[in-house]
Amino acid sequence: MSGKLNSPLGLSSIQSAVPESYVLPPEKRPTAVPPCKTIPVIDLQGLDRDRTDLIQQIIKASQEYGFFQLTNHGVSEELMRDVVVVGQEFFELPVKEKERFYYRDPKQICKFKTSINYEQEEVHFWRENFTHPCHPLEDYIDHWPQNPVRYREVFGSYTVEVRKVGLLLLDLICEGLGLECGYFEGDLSGGMVMNTNYYPLCPDPSLVLGLPKHGDPYLLTLLNQGHVPGLQVLKDEQWLEVEPIPNTFVVNINHMLQIISNGKLKSADHRVVPSSVSARTTVVNFIRPTNDCLVGPAKSLLVKNCSPPLYKTITFGDFISTYGTKTHQGIDPLERVML
Ligand SMILES: O=C(O)CCC(=O)C(=O)O
Ligand SMILES: [Fe+2]
């Protein structure tokens with residue numbers, strides 16, 4: 001086993017300067033951006049009363065920003081808070097404890113790593129990450145950590161609740177796009193990934209990134225970003241900071257939804273800047289197609305809009321196999337599937 005755990009981040013609280021290997025070249029460093037109040041906030045409370053209006057808000061936000069914030073989604077305040085607390089407790093465990101999950105083999109169920117591709121990248125990113133599949137729950141939960149002691153209980157309940165919200169959003173998006181009822185059911189939304197990020201306190205956030213510019217490759221993302229700011233979204237070539245709002249999900253359209261909607265919905269690029277004030281823990285769920293699921297522009301949309309397909313039909317497994325390298329090289333992974 002390659003026992004070396006290359007963590008910047010074990011150093012974080014005692015580090016007085018950013019180590020050289022994390023310092024980005026000047027042209028790639030983040031510039032300060034003001035908090036953005038314009039990313040749409042959509043309140044699910046009125047769903048029964050104003051379904052059509054809410055659907056329009058979701059579609060508009062997904063077209064213009066590729067992002068929106070979702071309030072009154074039905075996941076309890078307690079669970080929203082606990083999952084971030086228990087996530088943070090995982091990262092605060094002694095290195096030895098986390099090391100058993102250290103990423104060595106793509107077939108591993110639970111993967112812990114620092115940065116993105118520590119062994120191969122030129123400059124490292126200021127984050128730790130823990131990821132594993134979480135649906136169907138019974139297939140995976142026995143592989144999850146037992147330390148922190150509440151991990152399985154809290155992450156288990158949370159993923160079940162988040163999935164309900166995600167599937168509801170997909171139903172609303174389905175309706176808003178005018179697709180046949182149940183379009184996203186089955187293999188298209190058959191999997192779900194849990195992705196917990198930890199961005200330690202950083203002595204100089206102007207020199208580093210927690211995560212570089214990227215779009216998410218799956219179907220839909222639901223992010224619980226806790227209370228520490230750091231997420232920025234690219235709109236019209238400007239970075240906008242997504243203000244943390246308590247008990248709110250940040251939702252974003254992923255590459256597969258951009259393809260299915262034939263470019264109508266946008267999977268916006270985003271990045272993370274760490275904080276010099278507080279460590280930041282975020283809990284992210286991606287709803288994803290199964291690997292052999294075919295994904296392409298929805299036929300009924302092409303017919304209805306009399307428009308040619310903008311993307312090829314591919315299997316999700318094929319798309320994801322080159323996603324990492326393309327993104328890392330600064331190439332838009334959607335380019336490969338454009339017609
Ligand atoms: O931590 C965040 O705010 C965003 C994380 C993210 O973009 C991702 O995990 O893909
Ligand atoms: Fe992301």
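Whatever order the structure lists them in is the order used to number ligands and atoms, beginning at 1. Any value given below was found using the heavy atoms of this structure, including those in side chains, with hydrogens, waters and symmetry copies removed. Bear in mind that the values here come from a model prediction, so they are computed numbers and not experimental data.
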Inset, instruction - Mark the output for Arg280 as yes if a heavy-atom distance to ligand 1 is under 4.0 Å, and as no if none is. - result: yes

Inset, instruction - Output yes when a side-chain donor or acceptor of Gln225 lies under 3.5 Å from a complementary backbone atom of Val242, and no otherwise. - result: yes

Legend entry - Side-chain donor or acceptor of Ser321 paired with backbone N/O of Phe319 under 3.5 Å: no

Inset, instruction - Report, in ascending order of atom number, the atoms of ligand 1 lying under 4.0 Å from any heavy atom of Asn197. - result: 1 (O), 5 (C), 9 (O)

Inset, instruction - Pull out every atom of ligand 1 sitting under 4.0 Å from any heavy atom of Leu211, numbered as shown with elements. - result: 5 (C), 6 (C), 7 (O), 8 (C)

Inset, instruction - Could you point out which residue of Trp144, Phe91, Phe130, Tyr151 forms a ring-ring contact (aromatic ring centres under 6.0 Å, His included) with Phe101? - result: Phe130

Inset, instruction - Please work out whether any backbone atom (N, CA, C, O) or any side-chain heavy atom from C-beta onward of Phe286 is under 4.0 Å from ligand 1, and answer side chain, backbone, both or neither. - result: side chain

Inset, instruction - Just give me the atom name: the N, O or S atom of His214 closest to the Fe ion (ligand 2). - result: NE2

Inset, instruction - Just to the nearest 10 degrees, tell me the angle at the Fe ion (ligand 2) spanned by His270 NE2 and Asp216 OD1. - result: 90°

Legend entry - Heavy-atom gap Gln225 to ligand 1 smaller than 4.0 Å: no

Inset, instruction - Measure from the side-chain N and O atoms of Asp43 to the backbone N and O of Gln45, and report whether any donor-acceptor pair falls under 3.5 Å. - result: yes

Legend entry - Atoms in ligand 1 with a heavy atom of Val272 nearer than 4.0 Å: 1 (O), 2 (C), 3 (O), 4 (C)

Legend entry - Glu77 and Arg81 ion-paired at < 4.0 Å: no

Legend entry - Check: Asn247 main-chain N/O paired with His73 side-chain donor or acceptor under 3.5 Å: yes

Inset, instruction - For the pair Arg150 and Glu89, find out whether any cationic side-chain nitrogen is under 4.0 Å from an anionic carboxylate oxygen. - result: no

Legend entry - Tyr140-His132 aromatic ring centre distance below 6.0 Å: no

Inset, instruction - For His270, counting its heavy atoms only, list the atoms of ligand 1 lying under 4.0 Å from any of them. - result: 7 (O)

Legend entry - Subset of ligand 1 atoms that lie under 4.0 Å from at least one heavy atom of Thr282: 1 (O), 2 (C), 3 (O)

Inset, instruction - Mind checking whether Val250 contacts ligand 1 via backbone (N, CA, C, O), side chain (CB onward), both or neither, at a 4.0 Å heavy-atom cut-off? - result: neither

Inset, instruction - Say whether His214 and ligand 1 are in contact under the criterion: heavy-atom distance to a ligand atom below 4.0 Å. - result: yes

Inset, instruction - Can you pull out the closest protein heavy atom to atom 9 (O) of ligand 1? Residue, atom name and distance to 0.1 Å, please. - result: Asn195 ND2, 2.9 Å

Inset, instruction - Kindly give the heavy-atom pair with the smallest separation between Ile259 and Val337, and that separation in Å. - result: CD1-CG2, 3.9 Å

Inset, instruction - For ligand 1, indicate whether the residue Asn129 contacts it via side chain, backbone, both or neither (heavy-atom separation under 4.0 Å). - result: neither

